[in-house]
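First comes the structure, then the notes that go with it.
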Amino acid sequence: MKYDYLNPCTYASEPGNIHISDEKWNEVAQLRGLSLFEKLKYNRNRKYIDDYLFRGDTQPAVVMSTSPLIISAYSDEMDAVMLLRFPDVLADKYGIETGTRLTTSNTYSMFADFSRVKPADVAHDIIPGRNFSGQYFDFRPIVTIFLSDDTDIIEQHTNRVPEQLWEYVEKLSRKYFERFPDRFRDGFFYLK
């Protein structure tokens, strides 16, 4: 049985060290047209998401399409990508286009008993690669530019990704997107 367990004893090799922008946090709520009750619930998650941005594992992501806005997020722990869907208006707002390189802050889910994860145990939309660590069955990527104004730090993270890794992620993303163009998650999962 799977559990959504985030291990507080683990740490990222490349933590984000960024924080939520109040303006962007509120903008996301407005984009979704949240009711007052939904916004109260959403705001309860704010400190967790801020912590994920600060401590989460920084990983590369690539824009696959702008209409619809689909971003492919990578996880080195899974050696895999997943597709995230966002409101199209964000492409213009942030000046991103197909092929734009971004970063995410990833958190990971493991079994509550910390047992080893087999490829068959992972989330249905993740195809683990040959370098799958076997520690996690799922990951949650947060596209950093949509929630943080710490642009200098975000840019440093983006620039630190080796070109060889960018090329690998782009190739993996194209392959996945061609095979499963309609298999994507809500990029604003933290609204739930």
Side-chain angles (χ1 to χ4, degrees), residues 12-21 23-25 27-28 31-32 49 52-53 56-108 122-133 136 138-191:
S13 56
E14 181 81 25
N17 294 319
I18 60 175
H19 290 285
I20 283 179
S21 153
E23 183 179 329
K24 289 183 177 181
W25 180 254
E27 180 182 83
V28 168
L31 278 172
R32 294 310 268 278
I49 301 305
Y52 294 167
L53 288 170
D57 186 27
T58 302
Q59 293 289 309
V62 179
V63 178
M64 302 308 296
S65 135
T66 56
S67 185
L69 180 53
I70 305 288
I71 296 173
S72 176
Y74 178 72
S75 162
D76 62 352
E77 291 288 346
M78 311 295 282
D79 189 22
V81 296
M82 79 167 56
L83 300 179
L84 303 170
R85 172 76 164 94
F86 294 92
D88 295 355
V89 298
L90 295 174
D92 286 335
K93 178 173 176 59
Y94 291 97
I96 57 179
E97 53 193 39
T98 301
T100 297
R101 294 173 171 182
L102 303 170
T103 58
T104 59
S105 184
N106 293 353
T107 56
Y108 298 89
V122 303
H124 78 282
D125 59 343
I126 297 173
I127 302 170
R130 66 180 174 275
N131 294 316
F132 172 49
S133 73
Y136 307 102
D138 199 3
F139 72 103
R140 291 183 190 89
I142 298 174
V143 177
T144 56
I145 64 166
F146 296 157
L147 280 181
S148 179
D149 286 330
D150 296 333
T151 52
D152 289 345
I153 298 171
I154 292 169
E155 188 176 333
Q156 288 170 16
H157 286 304
T158 305
N159 292 337
R160 273 200 289 266
V161 176
E163 185 60 30
Q164 186 177 359
L165 180 56
W166 278 120
E167 291 170 7
Y168 176 68
V169 170
E170 289 166 355
K171 180 180 175 184
L172 200 61
S173 298
R174 275 192 307 274
K175 219 168 138 180
Y176 189 99
F177 190 56
E178 287 169 9
R179 188 169 174 201
F180 306 109
D182 297 322
R183 185 187 287 179
F184 49 80
R185 294 188 191 184
D186 181 352
F188 291 140
F189 67 87
Y190 40 85
L191 285 169

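Side-chain atoms are counted along with the backbone in the values below, which use heavy atoms only and exclude waters and symmetry mates. Here the structure is a predicted model, which is why all the values come from computation and not from measurement.
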For this session: Calculate, to the nearest 0.5 Å, the distance between atoms CD1 and CD1 belonging to Ile96 and Ile71 respectively.
Result: 4.5 Å
Exercise. Below 4.0 angstrom, N of the basic side chain to O of the carboxylate: do Lys175 and Glu170 qualify?
Worked result: no
Problem set entry | Donor-acceptor pair between Tyr108 and Asp57 side chains, under 3.5 angstrom | yes
Exercise. Any sub-3.5 Å donor-acceptor pair from Lys24's side-chain atoms to Phe146's backbone N or O?
Worked result: no
Problem set entry | Atom pair CG/CZ of Asp182 and Phe177 - distance to nearest 0.5 Å | 8.5 Å
Problem set entry | NZ/NE/NH1/NH2 to OD/OE distance under 4.0 Å, Asp186 and Arg85 | no
For this session: Return yes if some donor-acceptor pair links the side-chain N/O of His157 with the main-chain N/O of Thr58 below 3.5 Å, else return no.
Result: no
For this session: With rounding to the nearest 0.5 Å, note down the distance linking OG1 in Thr66 to OH in Tyr94.
Result: 16.0 Å
Seminar exercise, completed: Rounded to the nearest 0.5 Å, the CZ atom of Arg183 sits from the CD1 atom of Ile70 at a distance of 13.5 Å
Problem set entry | Closest contact, heavy atoms only, Gly16 versus Ile153 | O-CG2, 3.5 Å
For this session: Please check if atom CD in Gln164 has more than 12 non-hydrogen atoms from other residues, nucleotides or ligands closer than 6.0 Å.
Result: no
Exercise. Would a 4.5 Å heavy-atom cut-off, applied to side chains only, mark Asn106 and Ile142 as touching?
Worked result: no
Problem set entry | Any side-chain donor near an acceptor of the partner, Glu77 and Ser133, under 3.5 Å | yes
Exercise. Would you say the side-chain atoms of Ser75 pair up with the backbone N or O of Met78, donor to acceptor, closer than 3.5 Å?
Worked result: yes
For this session: For residues Thr158 and Trp166, determine if any side-chain heavy atom of one lies less than 4.5 Å from a side-chain heavy atom of the other.
Result: yes
Exercise. So do the side chains of Ile154 and Ile18 get within less than 4.5 Å of each other, counting heavy atoms only?
Worked result: yes
Exercise. Taking atom CD of Glu167 as the centre, does the number of heavy atoms from other residues, nucleotides or ligands within less than 6.0 Å exceed 12?
Worked result: yes
For this session: For residues Phe86 and Pro68, determine if any side-chain heavy atom of one lies less than 4.5 Å from a side-chain heavy atom of the other.
Result: no
Problem set entry | pair Met64-Thr98: side-chain heavy atoms closer than 4.5 Å | no
Exercise. Rounded to the nearest 0.5 Å, what separation is found between the CG atom of Asp88 and the OG atom of Ser65?
Worked result: 7.5 Å
Exercise. Does a side-chain heavy-atom distance below 4.5 Å link Glu27 with Lys93?
Worked result: yes
Problem set entry | N-O pairing of Asp79 and Arg130 below 4.0 Å | no
Exercise. So does Glu97 have more than 12 non-hydrogen atoms from other groups sitting under 6.0 Å from CD?
Worked result: no
Exercise. Hey, are the side chains of Trp25 and Ile49 touching, using non-hydrogen atoms and a 4.5 Å cut-off?
Worked result: yes
Problem set entry | Phe139/Ile126 under side chain to side chain contact (heavy atoms under 4.5 Å, CB included): CA gap, chis, key distance, verdict | CA-CA 9 Å; Phe139 72 103; Ile126 297 173; 3.7 Å; yes
Exercise. In Å, rounded to the nearest 0.5 Å, how long is the span from CG of Leu165 to CD of Gln59?
Worked result: 7.5 Å
Problem set entry | side chain to side chain contact (heavy atoms under 4.5 Å, CB included) evaluation trace for Leu69 with Val63 | CA-CA 8 Å; Leu69 180 53; Val63 178; 4.1 Å; yes
Problem set entry | Under 3.5 Å: donor-acceptor pair, side chain of Ser72, backbone of Ala61 | no
For this session: Start with the C-alpha distance between Val122 and Tyr136, add both sets of side-chain angles, then the distance that settles side chain to side chain contact (heavy atoms under 4.5 Å, CB included), and finish with yes or no.
Result: CA-CA 8 Å; Val122 303; Tyr136 307 102; over 6 Å; no
Exercise. Taking side chain as C-beta onward, heavy atoms only, is Ile127 less than 4.5 Å from Tyr176?
Worked result: yes
Problem set entry | Residues, nucleotides or ligands: over 12 heavy atoms within 6.0 Å of Lys171 NZ | no
For this session: Would you please classify the geometry between the Tyr74 ring and the Tyr168 ring as parallel, tilted or perpendicular, with 30° and 60° separating the classes?
Result: perpendicular
For this session: Could you tell me whether the side chains of Thr103 and Thr144 share a donor-acceptor contact shorter than 3.5 Å?
Result: yes
